[in-house]
Structures are given as structure tokens and as C-alpha cells.
Undergrad: 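Before I ask anything, let me first share the structure, which is written out below as C-alpha cells.
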Amino acid sequence: MAPFFTDDSPNPLLSDFVFPPFDVVEPKHFRPGIRALIKQLESELVELEKNVEPNWPKLVEPLEKIVGKLTVIWGIVNHLKSVKDSPELRSAIEEVQPEKVEFSLRLGQSKPIYEAFKAIQESKEWPTLREARKRIVESQIKEAILNGVSLEDEKRDQFNKIQQELEKLSHKFEANVLDATKKFEKLITDETEIEGLPATFLGVAAQTAVSKGHEDATAENGPWIITLDQPSYTAIIARGGFRANITRASGRDLDNTPIIDQILKLRVEKAKLLGYKNYAEVSMATKMATVDKGQELLETLRRASWYPAVQDMEDLKKFSRSQGSAEGDDLSHWDISFWRERLRELKYDINEEELCPFFSLPKVMDGLFNLANMLFGIEIEPADGLAPVWNKDVRFYCIKDPSGSPIAYFYFDPYSRPSEKRGGAWMNEVVGRSRVMSRDGTSSRLPIAHMMCNQTPPIGGKPSLMTFHEVETVFHEFGHALQHMLTREDEGLVSGIRGIEWDAVELPSQFMENWCYHRDTLMRIAKHYETGESLPEEVYKKLLAARTYRAGSLSLCQIRFASVDLELHTNYIPGESETVYDVDRRICERTQVIPPLPEDRFLCSFVHIFAEVLSADAFSAFEDAGLDDQEAVKATGHRFRETILALGGGKSPLEVFVEFRGREPSPEPLLRHSCLLPVTALA
């Protein structure tokens, strides 16, 4: 990795590192470190603008160095905010963030750089440029326009104020979600309140109670403390936990409602300044889809999902009545959570708690790495100690090609730490593959990734035992990481996940999830952590059958999220009589079988949307080849690696998909995998 600073600065952010010094970077380093970085980058930008010429050495290479340094150093700061949150850290980020945004705007609105890129596009050499370089030029021109390069004087000042305010609001929104998650605690001393909850969950709840001062807490006798972090919340079926989750970050002291309104208002103003009708058009300008195509796909999926979801609800009501439930004809949302799991257990005879011992984290990772070796011809080896880490539980790995040469590295932070780590699961780049940022001037800088999960930590001498959903999550995030790490693209601005349209980045991640249901893959993973016994064949078959359980309801849930997002950024007018929650309720009339609770404020903590059409279609290529034919699977895996994983943002995602699949994507495999075919004509 190219050194950022060659001096002997005592600030670790500014040191000459190969792997970031996560173990010694503290909030006190943020202010001086970021300010020194920006000062240096400003002088580099002035130099670039003074000497710029419309060619690679005089334009793209110096630009990539500026962007690269800012991305890596600010990435360290942002990463620590996600995994090691503290008041000191937040305060430091809030103070320097405006300066970072100001520099980013100055860089994004540079007219000399913009004009130089346009000159390349208009030059006689343009037709001879390879596709990755054309993509860089086109992307830089588009990004400059979206960054306000064409705006003058007052309009540019107004645009920049909006950007600063949006960054501040986004930071506050995320902080409120984390604080609201940390704030909710319920101490339980009455055993009747935890009756029927899994033993693993009770172990975590007792461990939480011990950490909060209840030294004698045990899984058997309590007391127990439940929270809203993911491993804890997914086991809560009580009314209090459900309400607390859907109203998270909407209370008096931590209310994201005004923040949402202000963000939407500013996005409308930003869109109008840039000459767009609404913010959805701004957002779609850097995606594969258009607003119309997005709405068309959502409606296709909604129609296919509606009647199966109605049937899901009827099945639950019928089942709850058969069990003597008084609320059978009028199920509340928390009743649905309870009866949904009971019916799943009865229908498929699957108990998540009984499955966990078959999915120990070490075995799951071994199986995942073996699959990657079979599909993509890579070796993954532990490299703990090679790179500094931010927590003792973080693992570090090296990926090698068949000749044994390192081609990438990644960190894996598996466990939930609700006091300092944000919820959910995610993957981020640490550094990207790059020829320009090469350390020795000959071989490209190797990519490094983060992989974050939030599963139950080891308890009482047992390894971390995972739910099947957590297994799917690890496969999902590893798919993202693979696209970043297995890129063969050396142009740093479009290598790995960089430059890929945002609606295509979920392809490799959701593609990898499909392998959790592949018999040979699952059987290699699912070994009892104590006895070594394999998962019984009949349990595998039940897992496979349960995959499409309530598929209509789950699909409608995702369609609700995406439809609300699209509607808020297309037609919603902030400040009018209709609130964001009115919009949600209106969308729910077409996307939810029972209306949301009046107090439902899921928008206050909503941070993620999924897209599955491409991934299901990509996996169907392996089905077509024959999942039991190992040579055919290997050949298809090689093709996937050389297209979807290797080409990065250097080629349009649609062209990359067609190169892999031989045709354009279709929603049919997704609907088939979910048992939602045929598409219902009217819903």
C-alpha cells in the first residue's frame, strides 16, 4: 500500500501504514489528523488544477491519489464510529465533518478537473480507450454535475449549505438509532415472562444482566436483561419488545421524525437546484434502474406476493384458533410474531434453538472458505497478528491465489457489542485494488475489506452457536467482500465495489446466500459442536421446505420498504398536511395484509433495502448447469469469478451480467425460488 505521509508524525492516522493502526487510533487523533490531511490534500488539489491536462498521468492518477488518501483516512474514522462508538468519538467527528465535507465539495466542483474529463470524452482518442477508463470519465462527469459543478455563485453556496446540513442530519439520524437501541433495557425477574424463550437467548440475557451489575444472574434463575440488539431482539416475542423496536428513535429525547422531514426537504431543494423534478431522479442517475422501471418491478413483485401473503395470514389465524387462542380472529402484530414461529415449528418441525448446536462459528467459516475455494479457486488463511485490530474478538484473514500469492485481506468482527457497535451486518472497503496506489510501483496495491456481523458471542466455554439466519448473514456479507477482494481491475476508481451502480451491489451477496440451501455445502458446515454429528438429512429437507415459509409476507415487507422510500423521494412534499407516516400507511394499504400500528415509526430506524432479482437469476445459472455436477459447478463458478467478481465497476453491471448469464436478467428465478409463480393478474 502506498504511504500516505512520509514524516514521523506521532498521529497514527498520519503514519505510513500498510494496515491501519486500529489498535492505537483514538478520538483525540481525529481533529488534528483530519485537519492535517485536508491541508495536504488541498495543496495537492491546487497543484493538480494548475497542471491538469486531459490525459491519465496529468489528471486521473493525481486525482486518484487525492481521493484514495481521503477515502482511507476518513474510512478509519467512520469505521471506528460504527464499532467503537463513544461520546468523545462522536464529538470529534461532528467537529471535523464540516471541514471534510467542504473539501469534498471543493474537489467535486472543480471546474478544471471537470473540463479536463470532458476534453478526454471529446478527444479523437476516446474510441480507443478501454471500457474501464471510459466508465471512469463518464462517471466523473456525471458525479461532478451531481456535485453542483455547473452551479454558480448563490446557487452553488445554497447547494453547499444543503450538503453540509444533510451530512450533519445523517450523522445525527444514525446516532439516534444507536442511542435508542442502547437505551432500551428491560429487567426481568419473573420466570413466567421468559417462559418458552430459547436457552441461548436466556444465557445472553443473563450475561447482559451480569455486565449491568447483577453479578449473580444465571441463564436458569435470572435476572435477565433484554435489549434491542439483534441477537436479543429476534428472540423477543413479548409486546414490550415489539413496540420498543417499531418506535425506536421516535421518542421525545431521541426523535428522528423532524430529521427525516428536514432530510427530505433538503433533498427536494438539492434536486431542484440540479434541474431534476425530485430526489429519486437524482438518486437513479447513478443506478441501473430508472424511477419508472423501479416502480414497474415493485408492482410485478407486489402482485405476485399479495395473495400468498393473504393466505399466510389466514393460515396463522386458523392455527392460533386451533390452539385455543382467544385472539385468533384478531391477531395483533406481536401475536403474529409468536404464532408465526409456533406454526413454523409445527409445520416443519424445526426449532431454531435445537439447530444452533449444529452451526458453530468455526465450522461455518471453514465451510464457507471451502466453498469459496471450490467455486473461485482461492485459499483463505488466518493471518491474525499481521494487522492491528480494534477488538480482541476481531479475526484477520489473507486470501491467496492457486500459486500461494496473497491477493487480498479482510477483517471479520462477528459478535454483538450493543454498547459501542451499531446493529445489523455490513461490509466496507479499507483500501481498494489500485495500480496508482502501488507501494513498489510495479504490483498493484491489494484490496482489504471489513466484514461485520452482530451474532451471539461465545457463552460459558461454548463456541458462538449461530441461528440459521446468522449463517445466511455471514454468507451474504462474504459475497460483498468477495466482489471487493477478487477484482482484477487495476484502475482504482472502478476496482472492486467502486463505480458499481448501487442497485447491482447486492448481486454477489445474495447469490452467496443461496449456497446455504445447497445440500453438500450445508452438510459440510452443519456438524454438532460437541459430538461432530452431521445435521440429520430429514432436518435439511425441512430447512429447504421452510425456505419459502411466508415468502409472500416477507416479500411484501421488502416491497413496503422500497415503495415508501421511492414515494417519499418522488411525490411527497415535506411540510404539507400528509406526514411521512401517512405516506407509509397509504403504501401499506397495498403492501401489508394488516395495517401497521398507529404508533409504528419504523422509518425512524430504517437504514437498509434489499434487491434480489439479479442474485436469484445468477444462482439459476448453477441450477441450469446441475448443482450435483461438481465440474459444471466449478466451471460456472470460474465464469462468475471472471465476470461478476473480477470486473468491478469497470464495465456496466448489465453488460457484466449478460457476459456471465448469456442474457438480460429476469425476475422469474426469484419468484420461482420464493414459490410465488405464477404472477397473479390482479391484487
Side-chain angles (χ1 to χ4, degrees), residues 288-289 293-294 296-298 300-305 308 368 371-372 374-377 468 471-473 475-476 478-480 482-483 486 500-501 503-523 540-541 543-549 551-552 554-555 558-559 562 610-647 651-680:
M288 287 169 66
K293 284 282 184 192
E296 188 183 313
L297 176 61
L298 285 172
T300 299
L301 296 175
R302 189 198 70 80
R303 283 163 43 211
S305 307
L368 177 57
L371 174 68
M374 189 264 289
L375 290 176
F376 311 127
F468 187 65
V471 174
E472 289 180 292
T473 299
F475 272 62
H476 178 104
F478 192 60
H480 280 308
L482 285 173
Q483 188 169 34
L486 298 193
I500 296 178
E501 284 77 352
D503 44 351
V505 294
E506 289 293 333
L507 195 172
S509 53
Q510 291 175 336
F511 163 81
M512 287 301 292
E513 280 185 50
N514 285 290
W515 291 100
C516 296
Y517 293 91
H518 177 233
R519 186 190 175 282
D520 291 353
T521 301
L522 192 68
M523 288 307 192
Y540 164 68
K541 286 176 178 168
L543 266 178
L544 203 58
R547 183 181 189 182
T548 56
Y549 176 55
L554 291 171
S555 176
Q558 294 303 323
I559 292 163
F610 303 96
E612 298 180 36
V613 170
L614 294 172
S615 59
D617 200 350
F619 189 74
S620 70
F622 288 81
E623 294 172 326
D624 293 350
L627 287 171
D628 296 326
D629 182 341
Q630 192 163 4
E631 289 310 308
V633 166
K634 277 185 179 179
T636 311
H638 177 75
R639 200 166 77 245
F640 189 87
R641 178 185 184 335
E642 295 303 320
T643 52
I644 306 289
L645 299 180
L647 297 174
K651 199 169 188 175
S652 130
L654 187 58
E655 288 178 42
V656 173
F657 184 89
V658 170
E659 195 172 321
F660 167 67
R661 197 69 182 91
R663 58 164 173 74
E664 293 202 357
S666 157
E668 186 272 336
L670 172 61
L671 296 171
R672 177 166 47 80
H673 286 172
S674 305
C675 290
L676 296 175
L677 284 175
V679 175
T680 310

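Source: prediction; values computed, not measured.
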Undergrad: Say you draw a straight line from CG of L375 to CZ of F640; how long is it, rounded to the nearest 0.5 Å?
TA: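 If I round to the nearest 0.5 Å, the distance is 9.0 Å.
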Undergrad: Which value, rounded to the nearest 0.5 Å, describes the distance between F657 atom CZ and S615 atom OG?
TA: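 Rounded to the nearest 0.5 Å, the CZ-OG separation comes out at 9.0 Å.
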Undergrad: First locate atom OG1 of T548, then atom CZ of R672, and finally report the distance between them rounded to the nearest 0.5 Å.
TA: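 So the OG1 of T548 and the CZ of R672 are separated by 13.0 Å.
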Undergrad: Atom CZ of F660 and atom CG of L647: how far apart are they, to the nearest 0.5 Å?
TA: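 Spacing of CZ (F660) from CG (L647) equals 12.0 Å.
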Undergrad: A side-chain contact here means heavy atoms from C-beta on lying under 4.5 Å apart; do I500 and Q483 qualify?
TA: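 I500 vs Q483: side chains touch.
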Undergrad: Identify the heavy atoms of E664 and L654 that sit nearest to each other, and give their distance.
TA: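 Minimum heavy-atom separation between E664 and L654: OE2-CD2, 4.1 Å.
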Undergrad: Which heavy atom of P665 sits nearest to which heavy atom of D617, and what is that distance?
TA: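 Reported closest heavy-atom pair: CA-OD2, 3.2 Å.
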Undergrad: Is it true that the side chains of R661 and S620 contain a donor and an acceptor less than 3.5 Å apart?
TA: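 Yes - a donor-acceptor pair under 3.5 Å links their side chains.
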Undergrad: State which residues pass side chain to side chain donor-acceptor pair (under 3.5 Å) with D629; sequence neighbours excluded, sorted by chain then number.
TA: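 Expected list: none.
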Undergrad: Check the orientation of F619 and F622. Use parallel for under 30°, tilted for 30 to 60°, and perpendicular for over 60°.
TA: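 Aromatic pair F619/F622 classed parallel.
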Undergrad: Less than 4.5 Å apart, side chain to side chain, heavy atoms only: is that true for E642 and E659?
TA: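 No, every pair of side-chain atoms sits at 4.5 Å or beyond.
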Undergrad: Donor-acceptor check, side chain of R641 to backbone of L486, threshold 3.5 angstrom: yes or no?
TA: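 Indeed, once roles are kept as given, a pair shorter than 3.5 Å links the two residues.
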Undergrad: If you look at every heavy atom in S555 and L301, which pair is closest and at what distance?
TA: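 Nearest heavy atoms, S555 then L301: OG-O, 4.4 Å.
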Undergrad: In Å, rounded to the nearest 0.5 Å, how long is the span from NE2 of H480 to CE of M512?
TA: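 Output value for this atom pair is 12.0 Å.
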Undergrad: Can you name the nearest heavy-atom pair linking P669 to S666, along with the distance?
TA: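 That closest heavy-atom pairing would be CD-O, 3.2 Å.
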Undergrad: Please give me the minimum heavy-atom distance between T521 and L371, naming the atom from each residue.
TA: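 Heavy atoms only, the tightest pair is OG1-CD1, 3.8 Å.
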Undergrad: Restricting to non-hydrogen atoms, name the atom on A504 and the atom on P653 that form the minimum distance, rounded to 0.1 Å.
TA: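 The pair with the smallest heavy-atom distance is CB-CB, 3.6 Å.
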Undergrad: Roughly how far apart are L544 CG and R547 CZ, rounded to 0.5 Å?
TA: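 If I round to the nearest 0.5 Å, the distance is 7.5 Å.
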Undergrad: So do the side chains of V471 and C516 get within less than 4.5 Å of each other, counting heavy atoms only?
TA: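 Side-chain contact under 4.5 Å: yes.
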Undergrad: With a 3.5 Å distance limit and no angle check, can you tell me whether Y540 reaches the backbone of Y517 through a side-chain donor-acceptor pair?
TA: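 Such a contact is found between Y540 side chain and Y517 backbone.
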